Trainee: 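This is the structure, below, for whatever I ask next.
Quick note on labels: first sequence line is chain A, next is B, and so on, each numbered from 1. Treat the numbers as computed from the prediction; the structure is a model and nothing was measured.
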Amino acid sequence: MTTNTEFQNVAEDLEWRGALYNATPGATHALATEKITCYIGFDPTASSLHIGNLLPIMGLVRLQQYGHTPIALVGGGTGMIGDPGGRSEERTLMAIDEIDANVAAIRLQLEPFLDFEAVSNPARMVNNADWLRQTSLLPFLRDVGKHFTVNSMMGRDSVKDRFTRDNGISFTEFSYQLLQAYDFMMLYEKYGVNFQAGGSDQWGNILGGVDLIRRIHRADSEGRPRAHGIAYPLVVNASGEKFGKSIGGAPTLDPKQTSPYKLYQFFLNVADADAIPYVKLFTMLNQVQIGGLAEAVSEEPQKREAQRALAEEVVRTIHGQGGLDQALKVTRAFFGGDISGLSADEMEDVLDDSSVTEVNRDQLSGEGIRFSELAVSAGAGKSGGDVKRTIQQGGMYLNGEQIEDAGRLVGVEDLVEGRLLVIRRGRKNYSLVKLAE
RNA sequence: GCAGGGAUUGGGGAGUGGUUAAACCCAGCAGACUGUAAAUCUGCCGCUUGACGGCUUCGCAGGUUCGAAUCCUGCUCCCUGCACCA
């Protein structure tokens with residue numbers, strides 16, 4: 001991690017990186033002149049964070065880097081309701097067990113980013129289930145609900161288009177904005193949290209909290225607001241698509257779901273036009289280093305130095321040096337054209353669970369199994385026909401060798417080190433078949 | 001509740017009795033070209049077959065017909081008016 005000494009304060013830094021989309025009046029001044037405590041919420045809607053969460057996470061990291069105190073809030077309480085933002089349909093409620101499991105998984109993923117031992121500004125992790133699950137309805141309506149008009153709540157972009165839809169929006173989801181505002185106030189009261197950050201889609205919710213704190217706690221003695229909010233931009237690529245869009249959903253931070261290798265590849269394949277903006281947003285590299293990369297991109301784009309730096313930094317941050325080494329090793333093997341450089345163990349380690357399947361020994365013994373059948377069960381194709389077509393087009397490989405006949409029989413003698421089969425579809429899609437023990 | 005409109009292959013959207021596994025666009029997949037890029041080009045894109053072909057599809061269930069995504073009946077869901085309720 002590079003120490004950044006180029007900026008006077010985090011606001012300037014964020015601004016330079018294009019990471020500041022919106023801020024309440026006085027927010028940047030406060031960031032520059034005070035030590036603040038800022039929180040960001042993470043929804044436990046899935047068992048892993050994904051790269052769409054990277055920008056908010058890096059936001060906390062940068063705040064801490066400049067001496068502010070970061071708080072990561074996991075939404076064990078709000079997750080029981082669900083944020084209606086950006087959805088066209090009512091959510092299905094999640095089981096509490098599932099929410100709690102997700103909360104636990106997400107906490108673990110957040111930990112490596114933040115310093116919980118810092119002397120003056122240690123990070124902290126909180127779960128809004130701690131207060132929301134024991135909040136009583138009547139006091140909540142009297143104390144919190146009274147400060148919101150339905151009129152303004154209905155004006156929120158996050159719910160507006162739901163009014164015109166048939167399925168409408170339930171009262172439950174509609175109340176979400178109150179809960180998030182209440183969270184901010186609770187954090188303000190319990191931990192002195194006076195900042196909330198979030199994606200631009202959270203801006204309305206952030207302002208809701210700022211307003212609630214102002215209504216209940218008034219301005220400070222000098223007439224300045226007690227609470228502020230800042231928003232990060234929605235990250236889109238040069239083609240205007242939302243960042244992270246890829247087949248099978250956004251890459252996750254969980255190595256079981258998205259191997260370090262896949263994550264590395266995702267960032268390595270970023271378009272030239274996106275590389276520098278992403279480096280600014282997602283890495284701790286400083287102005288000078290990024291300037292150098294920008295130059296490299298314009299002069300020798302084919303070297304993809306910026307993409308390389310981006311992929312390396314991100315993978316190292318998320319999966320550590322070990323994860324990065326592994327990703328690099330596999331990348332060299334797979335794209336160096338020779339997978340024989342990898343041991344069976346390494347191949348197994350490197351691919352995420354979704355691309356590993358098992359076969360029984362008796363399926364391979366005797367005549368063996370038809371390649372097309374094997375490929376389908378390994379997830380390398382949708383159907384036998386799909387596999388055959390791909391073979392006709394020259395896009396299927398077994399252990400690095402191009403397959404020409406869908407009916408080619410695969411037997412025990414094809415196993416690498418007696419226990420693995422490597423199927424490749426196209427240039428970069430690998431599936432692994434293990435022999436079940 | 002009444003009247004009108006609609007439900008087609010991942011999405012959009014043609015198709016109103018046979019030549020339709022179903023135009024076209026997008027997405028997706030493979031190949032060529034490249035920088036593991038973009039753009040472009042080629043092929044594919046229901047299941048199956050080496051191929052001819054076979055099979056299953058057009059909200060659901062029946063029916064008419066030699067033959068239906070296309071016609072009829074019932075059902076389900078959605079949209080739009082009106083009414084009812086306020």
Trainee: Among B:G35, B:U36, B:A30, which nucleotide sits nearest the side chain of A:Gln302?
Mentor: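 That would be B:G35.
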Trainee: If I take atom CD in residue A:Glu312 and atom C1' in nucleotide B:U36, what distance separates them, rounded to the nearest angstrom?
Mentor: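 Rounding to the nearest Å, CD of A:Glu312 and C1' of B:U36 are 15 Å apart.
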Trainee: Whether the side chain of A:Asp405 and the base of B:G50 hold a donor-acceptor pair under 3.5 Å is what I'd like checked.
Mentor: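 A donor-acceptor contact between them is absent.
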Trainee: Is the phosphate of B:A37 approached by A:Lys428 (side-chain N or O, under 4.0 Å from OP1 or OP2)?
Mentor: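 The answer is yes; a side-chain N or O of A:Lys428 sits under 4.0 Å from OP1 or OP2.
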Trainee: Using whole Å, what does the distance between atom P of nucleotide B:A37 and atom CG of A:Asp272 come to?
Mentor: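 Rounding to the nearest Å, CG of A:Asp272 and P of B:A37 are 11 Å apart.
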Trainee: Looking at B:U20, which nucleotide sits across from it as a Watson-Crick or G-U wobble partner, both distances under 3.5 angstrom, or is there none?
Mentor: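 When the pairing criteria are applied, nothing turns out to pair with B:U20, so the answer is none.
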Trainee: For nucleotides B:C45 and B:A61, find the distance between their P atoms and express it as a whole number of Å.
Mentor: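 Comparing P positions in B:C45 and B:A61 gives a spacing of 27 Å.
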Trainee: When both hydrogen-bonding distances must be under 3.5 Å and the geometry is Watson-Crick or G-U wobble, what is B:C82 paired with, if anything?
Mentor: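 For B:C82, the partner nucleotide comes out as B:G1, under the 3.5 Å rule.
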Trainee: B:G50 C1' sits how many Å from A:Arg408 CZ, rounded?
Mentor: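 My rounded result for the distance is 18 Å.
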Trainee: Taking atom P in both B:G43 and B:U57, what distance in whole Å separates the two?
Mentor: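 Going atom to atom, P in each nucleotide, I get 31 Å.
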Trainee: Could you tell me whether A:Lys262 and A:Asp254 make a salt bridge, using a distance below 4.0 angstrom between a side-chain N and a carboxylate O?
Mentor: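 Judged by the 4.0 Å cut-off on N to carboxylate O distance, A:Lys262 and A:Asp254 do not form a salt bridge.
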Trainee: B:C47 phosphate, OP1 or OP2: any side-chain N/O from A:Ser383 under 4.0 angstrom?
Mentor: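 For B:C47, OP1/OP2 do have a side-chain N/O of A:Ser383 under 4.0 Å.
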Trainee: Decide, yes or no, whether a salt bridge links A:Arg408 with A:Asp414 under the criterion of side-chain N to carboxylate O below 4.0 Å.
Mentor: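 Counted as a salt bridge, because a side-chain N and a carboxylate O are separated by less than 4.0 Å.
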Trainee: Here's a test of your reading of the structure: between A:Leu268 and A:Tyr397, which maps to the more 5' nucleotide of RNA chain B?
Mentor: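 Counting from the 5' end, the first nearest nucleotide belongs to A:Tyr397.
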Trainee: Give a yes-or-no answer on whether the side chains of A:Arg425 and A:Ser431 include a donor-acceptor pair shorter than 3.5 Å.
Mentor: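 The criterion, which ignores hydrogens and geometry beyond distance, is not satisfied for A:Ser431 and A:Arg425.
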Trainee: So, A:Arg316 and A:Glu313, do they make that salt bridge, N to O below 4.0 Å?
Mentor: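 A salt bridge is present here (some side-chain N lies under 4.0 Å from a carboxylate O).
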Trainee: Considering only side-chain heavy atoms of A:Gln392, which listed nucleotide, B:A51, B:A30, B:G35, is closest?
Mentor: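 Output: B:A51.
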Trainee: Tell me yes or no: between the side chains of A:Asn205 and A:Gln202, is some donor less than 3.5 Å from an acceptor?
Mentor: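 Yes - a donor-acceptor pair under 3.5 Å links their side chains.
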Trainee: Suppose we call a contact any N or O donor and acceptor under 3.5 Å apart; does that hold for the side chain of A:Gln265 and the base of B:U36?
Mentor: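 By the distance-only test, yes, there is a pair.
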Trainee: OP1, OP2 of B:C47 versus side-chain N and O of A:Arg389: anything below 4.0 Å?
Mentor: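 A:Arg389 to B:C47 OP1/OP2: side-chain N or O found under 4.0 Å.
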Trainee: Taking a pair as Watson-Crick or G-U wobble with both distances under 3.5 Å, which nucleotide is matched to B:C45?
Mentor: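 Per the H-bond distance test, none.
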Trainee: Whole-Å distance between B:A38 P and A:Lys303 NZ?
Mentor: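 So the two atoms are 21 Å apart, to the nearest Å.
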Trainee: Tell me what A:Gly381 touches on the nucleic acid: a base, only sugar-phosphate, or nothing, going by heavy atoms under 4.0 Å.
Mentor: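 Counting heavy atoms under 4.0 Å across all strands, no contact is made by A:Gly381.
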Trainee: Please give, in whole Å, the distance from B:U36 P to A:Gln307 CD?
Mentor: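 Spelled out: CD on A:Gln307 to P on B:U36 is 12 Å.
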Trainee: Could you give the distance separating B:C82 and B:G15 at their P atoms, to the nearest angstrom?
Mentor: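 The answer is 30 Å between these two P atoms.
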Trainee: Is B:C77 paired to anything, Watson-Crick or G-U wobble with both distances less than 3.5 Å, and if yes, which nucleotide?
Mentor: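 WC or wobble partner is B:G6.
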Trainee: I need the CD1-C1' distance between A:Ile423 and B:A30, as an integer number of Å.
Mentor: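 It is 16 Å, rounded to the nearest whole Å.
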Trainee: Would you say A:Asn269 places a side-chain N or O within less than 4.0 Å of OP1 or OP2 belonging to B:G35?
Mentor: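 So the side chain of A:Asn269 is outside the cut-off, no N or O lying under 4.0 Å from OP1 or OP2 of B:G35.
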Trainee: Of the options B:G35, B:C29, B:G43, whose atoms approach the side-chain atoms of A:Thr390 most closely?
Mentor: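 Ranking B:G35, B:C29, B:G43 by closest atom to the A:Thr390 side chain puts B:C29 first.
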Trainee: In whole Å, I'd like the distance from the CZ atom of A:Arg427 to the P atom of B:A30.
Mentor: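 Answer to the nearest Å: 12 Å.
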Trainee: When the distance from CG of A:Asp386 to P of B:G31 is rounded to whole Å, what number comes out?
Mentor: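 So the two atoms are 13 Å apart, to the nearest Å.
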Trainee: My understanding is that a pair needs two contacts under 3.5 Å, Watson-Crick or G-U wobble. By that rule, which nucleotide pairs with B:G35?
Mentor: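 Pair assignment: B:G35 / none.
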Trainee: In plain terms, say whether A:Asp325 and A:Lys329 are close enough for a salt bridge, that is, a side-chain N and a carboxylate O under 4.0 Å apart.
Mentor: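 A:Lys329 and A:Asp325: not salt-bridged.
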Trainee: Could you tell me if A:Gln265 and A:Thr331 have a donor-acceptor pair between their side chains, going purely by distance under 3.5 Å?
Mentor: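 On atom types as modelled, these side chains qualify, holding a pair under 3.5 Å.
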